[in-house]
Engineer: 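One structure follows; several queries about it will come next.
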Amino acid sequence: AGAELLPAGRGGVGRMAGAGRPVPTCLLLGAAGGGKSLLARRLRHIRRGGGVPAGEAPPPSRQVGTNLTDLRLPRRATVRELGGCMGPIWPSYYGECSALMFVVDAANPSQVSNSCVQLLSVLSAAQLTSVPVLVLFNKIDLPCYMSLAEMKSLFRMQDIVSCATQPITMLETSARDGTGLADVLQWLRATLGDPR
């Protein structure tokens, strides 16, 4: 996708767009196995091809590091996916974050409590107090997925939203079959697009 950058706070310099403007970065976080890598690949494909890709999705792959995906919204923006196993060092990347997407596996009930703790930790970070957040309940194509109402209840999303300083949006998605990805792209455009 793009060139690797050092995170803010480690002597890194941000990527630059034309006319010396920094390229806005959206962090893509969530527990391992939630579908972050496939989501990033599908978003890039939608931007290039104009539609949601049809057919069988590529096999899942575990992201153990950081992965950059460049999008045109039409302004250039970068989605930086951080592997779920990197949770302890996620805060190293918060300084460069303009928006945040947090992916939850809606078909994995055993992961719900871990994801909730991770989300609360992310939302309480001082560097993210005003960063827009999109919570994605992913894998709704699987027969065992929990509905948005069930996930909101398990996560106590109403309490989280009322206590959070960030604007929080929630969507149901399937990175595999493309459900909800157009809405994700629309959120990214509204959040990271040119302010003009």
Side-chain angles (χ1 to χ4, degrees), residues 1-10 12-30 34-53 63 65-84 86 90-104 118-119 121-138 157 160-161 164-175 178-196:
E4 179 60 33
L5 295 177
L6 292 172
R10 290 188 173 181
V13 291
R15 303 168 81 188
M16 301 302 274
R21 293 180 310 162
V23 175
T25 298
C26 178
L27 287 182
L28 180 57
L29 308 177
K36 298 181 298 294
S37 296
L38 182 56
L39 178 76
R41 287 198 304 271
R42 287 291 173 101
L43 287 173
R44 183 177 58 215
H45 185 85
I46 291 171
R47 265 318 287 148
R48 288 184 181 160
V52 176
Q63 178 65 27
T66 179
N67 189 33
L68 300 178
T69 301
D70 285 332
L71 301 174
R72 298 266 176 202
L73 301 172
R75 178 185 185 188
R76 185 170 154 224
T78 298
V79 174
R80 179 186 289 272
E81 174 198 350
L82 300 177
M86 293 177 64
W90 286 354
S92 303
Y93 295 87
Y94 292 168
E96 68 179 43
C97 178
S98 304
L100 188 140
M101 291 190 291
F102 190 89
V103 178
V104 179
Q118 283 182 321
L119 177 61
S121 174
V122 167
L123 293 176
S124 66
Q127 290 168 297
L128 301 177
T129 55
S130 60
V131 170
V133 176
L134 178 61
V135 179
L136 299 172
F137 297 109
N138 193 33
M157 284 306 295
I160 291 173
V161 169
T165 58
Q166 304 90 337
I168 299 176
T169 304
M170 289 163 276
L171 289 174
E172 289 183 303
T173 58
S174 168
T179 303
L181 297 192
D183 294 328
V184 173
L185 211 50
Q186 185 177 343
W187 181 86
L188 284 166
R189 276 193 209 105
T191 306
L192 300 178
D194 269 324
R196 284 183 257 153

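Positions are given from 1 along the sequence. Side chains are part of it too, since the values below use all heavy atoms of this structure and drop only hydrogens, waters and symmetry mates.
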Engineer: Can you tell which of Ile168, Thr25, Val122, Leu28 makes a side-chain contact (heavy atoms from CB on, under 4.5 Å) with Leu100?
Structural biologist: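 Between Leu100 and the candidates, side-chain contact (heavy atoms from CB on, under 4.5 Å) is satisfied uniquely by Val122.
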
Engineer: Could you check whether Arg41 and Thr69, counting side-chain N and O atoms only, form a donor-acceptor pair closer than 3.5 Å?
Structural biologist: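 Result is no, nothing qualifies.
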
Engineer: Under 4.5 Å between any side-chain heavy atoms of Leu185 and Leu73, yes or no?
Structural biologist: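 Touching, per the 4.5 Å side-chain cut-off.
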
Engineer: Kindly indicate, with the supporting measurements, whether the criterion side-chain contact (heavy atoms from CB on, under 4.5 Å) is fulfilled by Met101 and Val184.
Structural biologist: CA-CA 9 Å; Met101 291 190 291; Val184 173; 3.7 Å; yes

Engineer: What are the two closest heavy atoms between Asp70 and Arg44, and how far apart are they?
Structural biologist: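 Looks like O-CG, 4.1 Å.
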
Engineer: Side chain to side chain donor-acceptor pair (under 3.5 Å) with Thr173: which residues, sequence neighbours excluded?
Structural biologist: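 For Thr173 the side chain to side chain donor-acceptor pair (under 3.5 Å) partners, ignoring immediate neighbours, are Asn138.
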
Engineer: Can you sort out the partners of Ala190 under side chain to side chain contact (heavy atoms under 4.5 Å, CB included), two or more places apart, ordered by chain and number?
Structural biologist: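 Not a single residue meets the side chain to side chain contact (heavy atoms under 4.5 Å, CB included) criterion with Ala190.
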
Engineer: As an exercise, state the distance from CG of Leu27 to OH of Tyr93, rounded to the nearest 0.5 Å.
Structural biologist: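 Going from the CG atom of Leu27 to the OH atom of Tyr93 covers 9.5 Å.
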
Engineer: Before giving the answer on side-chain contact (heavy atoms from CB on, under 4.5 Å), spell out for Glu81 and Ser37 the whole-Å C-alpha distance, their side-chain angles and the decisive distance to 0.1 Å.
Structural biologist: CA-CA 7 Å; Glu81 174 198 350; Ser37 296; 2.6 Å; yes

Engineer: Taking it one step at a time, do Val104 and Leu119 satisfy side-chain contact (heavy atoms from CB on, under 4.5 Å)?
Structural biologist: CA-CA 9 Å; Val104 179; Leu119 177 61; 6.0 Å; no

Engineer: Apply side chain to side chain contact (heavy atoms under 4.5 Å, CB included) to Ala99 and list each qualifying residue two or more places apart in sequence or on a separate chain.
Structural biologist: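 Side chain to side chain contact (heavy atoms under 4.5 Å, CB included) list for Ala99, sorted by chain: Cys26, Trp187, Thr191, Leu192.
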
Engineer: Counting distance only, does the side-chain N/O of Lys36 pair as donor-acceptor with the main-chain N or O of Gly30 below 3.5 Å?
Structural biologist: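 Looks like yes, one N/O pair under 3.5 Å.
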
Engineer: Which atom pair, heavy atoms only, marks the closest approach of Ser98 to Pro132?
Structural biologist: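 For Ser98 and Pro132, the tightest heavy-atom pair comes out as O-CD, 3.5 Å.
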
Engineer: Looking at every non-hydrogen atom in both residues, tell me the closest pair between Ala175 and Gly35 and how far apart they are.
Structural biologist: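 Ala175 and Gly35 have their closest heavy atoms at CB-O, 4.2 Å.
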
Engineer: For the backbone of Ser174 and the side chain of Thr179, can you confirm whether one donor and one acceptor N or O come within less than 3.5 Å of each other?
Structural biologist: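 Judged by distance alone, no pair lies under 3.5 Å.
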
Engineer: Got a second to check how far Leu29's CG is from Met86's CE, nearest 0.5 Å?
Structural biologist: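 Interatomic distance, Leu29 CG to Met86 CE, rounded to 0.5 Å: 9.5 Å.
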
Engineer: Looking at residues at least two apart in the chain, or sitting in another chain, which of them share a side chain to side chain contact (heavy atoms under 4.5 Å, CB included) with Ser121?
Structural biologist: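 Partners of Ser121 by the side chain to side chain contact (heavy atoms under 4.5 Å, CB included) criterion come out as none, since no residue qualifies.
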
Engineer: Could you give the distance from CZ (Arg189) to CG (Leu71), rounded to the nearest 0.5 Å?
Structural biologist: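 Output value for this atom pair is 9.5 Å.
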
Engineer: Working to the nearest 0.5 angstrom, can you tell me the gap between Gln166 CD and Leu123 CG?
Structural biologist: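 Reported value, rounded in 0.5 Å steps: 4.5 Å.
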
Engineer: Out of the candidates Val103, Asp183, Leu171, Leu188, only one should pair with Leu134 under the side-chain contact (heavy atoms from CB on, under 4.5 Å) rule; please name it.
Structural biologist: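 That would be Leu171.
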
Engineer: Taking all heavy atoms of Gly178 and all of Arg42, pick out the closest pair and write down the distance.
Structural biologist: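 Taking every non-hydrogen atom into account, N-NH1, 4.2 Å.
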
Engineer: What heavy-atom pair brings Arg76 and Pro24 nearest, and what distance separates the two atoms?
Structural biologist: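 Arg76 and Pro24 have their closest heavy atoms at O-CD, 3.4 Å.
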
